[in-house]
Amino acid sequence: MIARSLARSFQRTPMFAFVVIVLVASVVAINASTFSAIHALRWKALPYFDGDALLEMRSEMRNFGFIGGLNARLRDAIAADRAHFSGVAGMTGAGQERVDATGQSWKLAQVTPHFEQVLGVAPAIGRSIVNGDAIDGADQVLVISDRAWRQRFNADPGVIGRIVDFGKMKLAVIGVMPAGFAFPDTRIDAWRPYVAGHDGRSFGDLEVVARATSGTSVEQAREVLAALIANDKPLAELAVSANIQASVRPWRERYSSEHEKALDLLQLAALILLVVVIANLINLNLDHLLMRRREFAIRRALGASERAIGWDVATDVLPPAVIGLVLGLFVTPFGLRMIADRGLVPEYLPQSVSFGPVAIIAGCVAMALIAVTVLLAAWFAQRKQGLSSRGGAAGMGRLRPALLVGQVMMTTILLGGSALLLRSAINLISTDRGFSEAGVLMTMIDPLGVSVENATFNPESDRQRLRTLMGRIREEVAALPGVDRAAFADAPPFSQSEVVSTIRVPGVAEEQNVRSRLVSPDFFATLGIGLLAGRDFAYADIGDASPVIVDEVFQQRYLQGVDPLDSFVEVEVRGDIYRKARIIGVVHTIKHGALDESDGLPMVYRPVEAPVPVAVLLAHTSGDPHNILDAVRQRILATQPGTVIMFNKALADSIGETLTSRRALLEAIGGFGLVTLFLASIGLAAVLSFSIRRRTAELGVRLAIGATPSRVRNLVLRQGAILVATGAALGLFFGVPLARLLGDRLYQIAFTDWASWLAALACVVTVATFACWSPARRAAATDPMVALRSE
Amino acid sequence: MIHLGKIEKSYPLEGGRSWVLRNVDLDIADGEFVSVMGPSGAGKSSLLNVLGLMDHDWQGSYALDGVVVDKLNTKQRQALQREKIGFIFQHYHLIDDLKVWENLDLPLQYRDVPAKERAARVADLLDRFQIVGKKELYPSQLSGGQQQLVAVARAVITRPKVLLADEPTGALHSGQARIIMDLLAELHKEGMTIVQVTHNELYANEAQRIIRLRDGWIEKS
C-alpha cells in the first residue's frame with residue numbers, strides 16, 4: 001500500500017517527494033543524534049548500580065583557582081560516616097600510562113580497596129582489590145577490564161595469576177571486571193591498589209566517589225565534607241592558605257558538566273531547524289495542494305468524501321516522510337560520531353553514546369511532528385477554502401506569511417547566535433596571550449623513563465647527571481636545521497601542567513601562593529614573552545642563590561610604587577626553609593591554560609638548566625613547527641635512546657585543542673543557521689510565488705490600468721520586505737534575550753553586541769532580497785491579457 | 001482616433017495556424033461610440049486587446065490618435081496606453097484589498113499625479129458618480145452594479161481619450177446594466193471615444209455603429 005502510494009506520489013510530483021525525504025532525513029538525523037547525546041549525558045544509566053546515588057567529593061582551593069580531589073584521611077573520615085554514606089572509594093592516577101614487557105601500553109588507575117562494591121559491580125572473574133592488597137609490598141596485583149582481558153589475554157578464563165611485567169613492577173592479575181564496566185572512564189585498562197602514605201602523596205590527589213544513603217542530598221553531603229575539612233587538623237594550615245571549600249556534585253556531572261550547555265544549545269538549534277523545516281514543508285505542501293485543487297474539485301463532484309480526499313493528501317506526504325525517517329535513522333550513527341569527534345561529548349564516557357532506542361524514538365517523534373503539522377496545516381487550509389485574500393497579507397492568507405515571518409525570525413536568531421560566537425572566537429584567537437605560539441614545538445620528554453617503566457629517580461644522585469643529559473638534548477635539538485632556539489620548562493603554557501608554591505613577600509605578613517615555573521635561559525625568547533624590565537636568565541644565574549623573574553600580575557600585586565629590580569622575594573627551598581631571591585626581570589603575564597582565562601595567581605619564574613626528571617622542551621623554528629616534528633623526535637632519541645616522549649606537538653595545536661568545543665558549537669549553530677537561511681529563502685520565494693499566482697489577475701489589472709512593470713516588481717519586493725522586516729525584528733526581539741544562554745561562551749563581547757546582530761540582519765536581508773527578486777521579476781513580466789483571462 | 005490597417009493575429013498550432021483576427025481594417029473617429037459584436041471566439045476580446053495596446057503580437061498597422069503604434073517599443077507603447085486608454089472589464093477587476101477611493105486613486109498614482117491633485121480628482125469622481133458614501137468600503141462590500149460603477153470611474157479618472165469596455169454589463173442584472181449604459185452614453189456625450197464589446201443587441205444599438213466579427217473577420221454590412 002505504502003509502496004504503491006509512494007510510487008504514485010513520486011510519479012506525480014517527484015520533486016515534492018524528494019524534498020520531503022531529504023528534509024525529513026536531515027531533521028531526523030540531527031535531532032536523533034543530538035538528543036541521544038544529551039540523553040547519554042543526562043539520563044542514561046551509568047555502568048554502576050544506582051549510579052545516581054554516587055557523589056563526587058572534591059575540594060575547591062579558591063586561592064589557587066582550581067578544584068582537586070581529597071586525601072586518604074578525608075576519604076576514611078567520609079567512609080566512617082555511615083549515616084550519610086554507604087560506601088566510599090578513592091582513585092588516582094587515572095590514565096597514567098605504563099608499558100609492559102611485551103611493549104603493550106596500559107592505562108592504569110590506582111583505586112582504594114573494594115572500589116567495585118561502592119560502585120555496585122562485582123568482578124566477572126576472580127576478585128577485586130581488598131584491604132590486604134593496599135599495603136606496601138602486597139600491592140603487586142591488578143584487576144583488568146573486560147576489554148584488556150579479551151585483547152591482551154584472548155579472553156583466557158584462566159587469566160587469574162598471570163603476571164603483567166612492567167619492569168620493576170610485576171603485577172599479578174587477580175580479577176576481571178565485567179563487560180561494559182568503566183571507571184572512571186573507558187580509557188582505563190586495569191586497576192591496581194592505592195597505597196596511602198606513599199611518598200609524593202599530596203592533598204588533592206585522591207579523587208573520591210561516595211555512595212549517598214537514601215535521603216542524603218548533595219547539599220547535606222557538602223556540609224558533611226565541609227565539616228570534615230574544617231576539623232582535619234593536619235590540613236588546617238593549607239585549608240587557610242588555599243581557602244579550601246567542600247565541593248560535592250553527582251558523579252554523573254563529572255562527565256556532563258562541561259558539555260551539557262553546548263549540547264543544550266545544539267539541541268535548541270536543532271529544534272529551531274525542525275520548526276523551520278516544518279514551516280517549509282507546510283508551504284511546499286500547500287503549493288502542492290493548490291496545484292491539485294482542480295483535481296480535488298472533480299473528485300468531490302464525483303462523490304469523494306472529505307475523508308477520501310484527506311487520505312489522498314496524506315498519502316502524498318506520509319510515504320516520503322517514512323522513507324526520510326528510515327534514511328535519517330540510518331545516518332544518525334554518523335551524526336553521533338561527528339558529535340563525539342567534535343568534542344561535544346566526553347571522549348571516554350563510561351555510559352557510551354550510541355545509536356539505540358532513544359535515537360529511534362527521537363527520530364520518530366521528529367518525523368511525526370513534521371507529518372502531523374504538515375497534514376494539519378493542509379486540513380486547515382482546505383477547510384478555509386484556500387486563503388482569503390483580504391483576510392491576510394495580500395493574496396497569501398494568514399498562515400503562510402506567519403510561517404514565513406517565523407522562519408525569518410528563527411534564521412535571525414540562529415545567525416545572530418552564530419555571529420556572536422564567531423566574533424567571540426575572533427576575539428579569543430586575537431587576544432593577547434602574552435606569548436607567541438608561532439613556530440613553537442612542544443615536546444615533553446622523560447629521558448630515564450620514570451613515567452612508564454617505573455624507573456627510579458634519586459634526586460640526590462641523579463639530578464646533575466640528568467640535567468647534563470637534558471642540556472645535551474637541548475643543544476642537539478637547537479642545532480637542527482630550521483630550529484633557531486630551544487629551551488626547557490616544567491609547565492609551559494597550554495601543557496596542562498600546573499605548579500603552585502608558596503613564597504614570602506617583604507611587607508606581606510602571610511605566605512603567598514604563586515604559580516611557580518622552572519625555566520631554562522632563553523625560555524622567554526623562545527616563546528616571545530616580552531620583557532618589561534630587567535633581563536632574561538643567564539646560565540650563570542643557575543645555582544643555590546638563583547634570582548627570579550616575575551610577571552606583571554606579581555608586580556601589580558606586590559611591587560606597587562617600588563622598583564621591581566631593587567626588590568626580592570623569599571622562595572621555598574624545602575619544608576619551612578625559605579631563601580631570598582633577587583628579582584632581575586619583569587615579564588608579560590601569559591595565558592596559561594585557556595585563552596579566555598582571567599589573570600589568576602602571580603607568576604614566579606626560577607632558572608634551571610632543565611627541570612628533572614620530566615621536562616618540556618620548547619623548540620622554535622621560523623617555519624611550520626610540524627615540519628620539524630619528526631626531526632626533533634629522532635634527534636632526542638638519537639641523543640638518549642629510550643627517552644619517553646609523552647607528547648610532541650605544535651604549541652598552536654595545544655591552544656587549538658582548548659577551542660575545540662567552542663569551534664564545534666560555532667560550526668553547529670552556524671551550519672544550522674545557514675541551513676535555516678537557505679530554507680527560509682526558499683520559503684520566501686515560494687510564498688511570494690504563491691502570492692503572485694493567486695494575484696495574477698490583480699497584477700494584470702494593475703498593468704492594464706497603467707502600472708509599469710517596475711511598479712509591479714516593487715510591489716512584490718515591498719511585500720517580501722515587510723515579511724522579512726517583521727521576521728527580522730521579531731528575531732531580534734526574541735533572539736537577543738535568548739542569546740543570554742551563550743553568555744559563558746562569549747569572550748569580550750556582550751550577548752547584545754550590536755555588530756554581530758547587525759551582521760546577522762545584513763545576511764538575512766541580503767539573502768531574502770535575492771529570494772524575493774525572482775518572483776518579483778516574474779510578477780513584473782505578467783502579461784495582462786493572460787492574467788485577466790485567468791480570472 | 002483609431003486606424004487599424006490589415007491587422008492579423010494568429011497562434012501557431014501543430015496542423016497549421018489558428019487565426020484570431022483576419023485582415024481587420026477599422027477606423028474609429030474621435031468621439032465615436034462603437035459596439036463590437038460577434039459569437040464567442042469571433043475575436044472580439046482579441047480586437048479589444050489590440051486596441052488597448054495590451055497585445056502587440058500582431059501584423060498590420062495601427063495608429064492611435066496619430067501615433068503609429070507598430071513603430072513603438074514596449075516602453076513607449078505602455079506610456080501611450082497610460083496616456084490614452086481606459087479599460088472597463090466584465091468582471092470589474094477591482095482590487096479586493098483596496099477601498100473604493102484607493103481603487104480610484106491607483107491609476108493616478110501609476111501616472112505620478114501629485115497627491116493633492118489625486119485627492120481632488122478622486123473626490124470629484126466620487127461625487128459625480130454619486131458613490132461618496134461608499135468610498136471607505138471594500139469592493140466585496142458593494143453590489144455588482146456598484147462595483148462596475150467604481151470600475152468605470154477608475155477607467156475615466158485618468159481622462160483617457162479612448163474607453164475600451166469588455167462586456168461592461170455582462171455580469172449585471174438589467175437595472176444595474178442600465179445605469180452603466182447611461183453612464184457610457186454620458187461619457188460619449190462629453191466627447192470620449194468608446195469601444196464596447198457586448199453580446200446584448202439592445203445595448204449594442206445604443207452605440208453609433210456596430211462592428212460584427214465572425215471567425216476573426218469583420219463582416220461587411
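All chains are named by letter (A, B, ...) in the order of the sequence lines, taking the proteins before the strands, and each is independently numbered beginning at 1.
Taking both residues in full, the closest heavy atoms of A:Pro709 and B:Gln78 are given as CD-OE1, 3.6 Å, listed atom of the first, atom of the second, then distance. Residues B:Phe89 and A:Ala704 approach most closely at CZ-CB, 3.7 Å, considering heavy atoms.
Environment of CG in B:Asp215: sparse, with no more than 12 heavy atoms of neighbouring residues, nucleotides or ligands closer than 6.0 Å. Residue B:Tyr110 qualifies as enclosed at atom OH: its count of foreign heavy atoms under 6.0 Å is above 12. Applying the 6.0 Å contact sphere to NZ of B:Lys9 captures more than 12 heavy atoms from other residues, nucleotides or ligands. The neighbour count for B:Glu190 CD, taken as heavy atoms of other residues, nucleotides or ligands under 6.0 Å away, is above 12.
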After noting the C-alpha distance and the side-chain angles of B:Arg82 and A:Thr708, does the key distance pass the side chain to side chain contact (heavy atoms under 4.5 Å, CB included) rule?
CA-CA 9 Å; B:Arg82 272 198 295 279; A:Thr708 56; 3.0 Å; yes
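Proximity to chain A (any heavy atom under 4.5 Å) is shown, for B:Asp112, by both the backbone and the side chain.
Between A:Glu698 and B:Leu94 there is no side-chain heavy-atom pair separated by less than 4.5 Å.
For the atom pair CD (B:Gln109) and CZ (A:Arg711), the distance works out to 7.0 Å, reported to the nearest 0.5 Å. Here the CZ atom belonging to B:Phe87 is positioned 11.0 Å from the CD1 atom belonging to A:Ile705, to the nearest 0.5 angstrom. Note that CZ of A:Arg702 and CD1 of B:Ile95 are 3.5 Å apart. Values are rounded to the nearest 0.5 Å.
With B:Arg111 contributing its side chain and A:Ala707 its backbone, the two residues share no donor-acceptor pair below 3.5 Å.
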